[in-house]
Every structure is written in C-alpha cells, then in structure tokens.
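Quantities reported herein were computed from a predicted structural model and do not represent experimental measurements. Indexing begins at 1, ligand by ligand and atom by atom, following the structure's order.
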Amino acid sequence: MQPTRENAWETLTRYTQSESLLRHALAVEASTRFYARRLGEDEERWGVTALLHDFDYEIHPTLDQHPQEGAPILREEGYPEEVVEAVLSHAEHLDMPRDTPLKRTLFACDELSGFVHACGLVRPTGLEGLEPKSVKKKLKQPSFAAGVHRDEVYAGAELIGLALDEHIANVVAALQPISEQLGLRRGADAA
Ligand SMILES: [Fe+2]
Ligand SMILES: [Fe+2]
C-alpha cells in the first residue's frame with residue numbers, strides 16, 4: 001500500500017473524536033511536511049506518518065498501550081513498515097532507535113508543534129509575529145502548557161541538528177498556513 005493523506009485522515013478520524021487531538025495531528029503533520037519539503041523527502045509519506053502518530057491515543061490513553069498497541073492496527077490496515085516503525089519510535093518509553101530522518105523529524109516536531117500551538121492560542125494575533133525568543137521564554141515557565149515535555153523539545157532540535165531558534169521559527173512558519181484549522185486567530189482578524 002502506498003498510503004495517501006486521505007487514507008491516513010480516514011484512519012485517524014475513525015479512532016479519534018477529540019478536536020484537540022485532531023488539531024495536534026494536523027500541527028505535527030504541517031511541521032513534518034515542512035521539513036520533508038526542505039529535505040527533498042517524500043512529503044506525502046512523512047505527512048501520513050505524522051497524522052497517524054497519535055491515532056490510537058483516544059483508545060489507548062496510557063503509555064502501557066500507546067502507541068505499541070496501535071501498531072498492529074496500522075499493519076492490519078496495510079500501512080508500510082516504515083510508517084509503523086516511525087510511529088512507534090516517537091514514544092520515549094519504547095526507547096527505539098531514531099535511525100531515519102523521518103523518525104528524527106517526527107520526534108523533533110511532536111512536542112514543539114504542540115507548544116507553538118499553545119503559544120499561538122494565547123496571543124491576540126495567533127502565530128503572526130511570534131518570535132523564537134518569546135517561545136523560549138515560555139518554555140522556561142513550567143506552568144505554561146505544562147503537558148509539553150521541555151526536555152523532548154530541546155532533544156528534538158539537537159537530534160535534527162538545528163539551533164532551537166531555527167527549529168522554532170520553522171515550526172511557526174509551518175503552522176501559520178493552517179492557523180484556522182488549529183483554532184488560532186490570524187493577525188488580520190484581530191485588527
Ligand atoms: Fe504519542
Ligand atoms: Fe504527539
């Protein structure tokens with residue numbers, strides 16, 4: 001099977017109702033696709049993987065199930081092993097090697113996409129004008145978006161060999177075009 005975005009969206013929405021989880025999937029997809037384009041990789045394949053990385057979280061909300069018990073479902077549906085393995089590798093507790101650019105990028109985009117999204121939600125202009133330095137400042141406030149693992153944000157940037165500022169700027173740029181789907185205000189609406 002050569003999975004398409006449509007396949008992945010169909011699988012994701014069959015198992016996921018929560019709007020915030022769907023928005024998380026879309027945010028990680030946009031960031032991962034950004035890097036696929038930049039690196040000349042298979043954007044569709046990378047996007048599919050990102051859309052699916054938490055597809056089973058609603059049915060498997062604890063780490064003794066997510067994402068490892070989701071993997072057999074993906075295999076059953078015919079997703080290629082490259083996709084299934086990358087999905088598995090995003091989970092820290094499984095301790096799998098992140099030995100492909102797709103695995104590294106997915107890991108690097110997962111927590112940071114959620115964090116940048118959270119930053120955008122509390123700004124009247126959404127992501128417009130959001131600077132890496134203010135994202136970094138918020139990273140240092142443990143109470144803000146407390147669910148985001150800071151250590152994974154820092155480790156992710158390092159894993160893809162980028163300075164944190166650059167990685168943040170890339171993720172902000174990647175999310176801006178889908179602001180509306182993410183429930184973010186746009187600069188123009190706020191004016
Ligand atoms: Fe996850
Ligand atoms: Fe995630």
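- By the 4.5 Å heavy-atom criterion applied to side chains, Arg23 and Gln181 are not counted as neighbours.
- Here 3 is the count of protein N, O or S atoms positioned under 2.8 Å from the Fe ion (ligand 1), waters not counted.
- No continuous path of ILVMFWY side-chain contacts below 4.5 Å connects Leu106 to Leu39, so the two sit in separate hydrophobic clusters.
- Cluster membership for Phe144 and Leu184, using ILVMFWY side-chain heavy atoms within less than 4.5 angstrom, is shared.
- Ring to ring, His66 and His93 are not that close: their centroids are 6.0 angstrom or more apart.
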For this session: Report the C-alpha separation of Arg98 and Glu92 in whole Å, then their side-chain angles, then the decisive distance to 0.1 Å, and conclude whether the salt bridge (charged side-chain N to carboxylate O under 4.0 Å, His left out) test is met.
Result: CA-CA 10 Å; Arg98 298 196 177 101; Glu92 281 287 77; 2.8 Å; yes
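- Evaluation of the side chain to side chain donor-acceptor pair (under 3.5 Å) test over residues 143-166, restricted to residues two or more places apart or in two chains, returns Glu111-His149, Lys136-Asp165.
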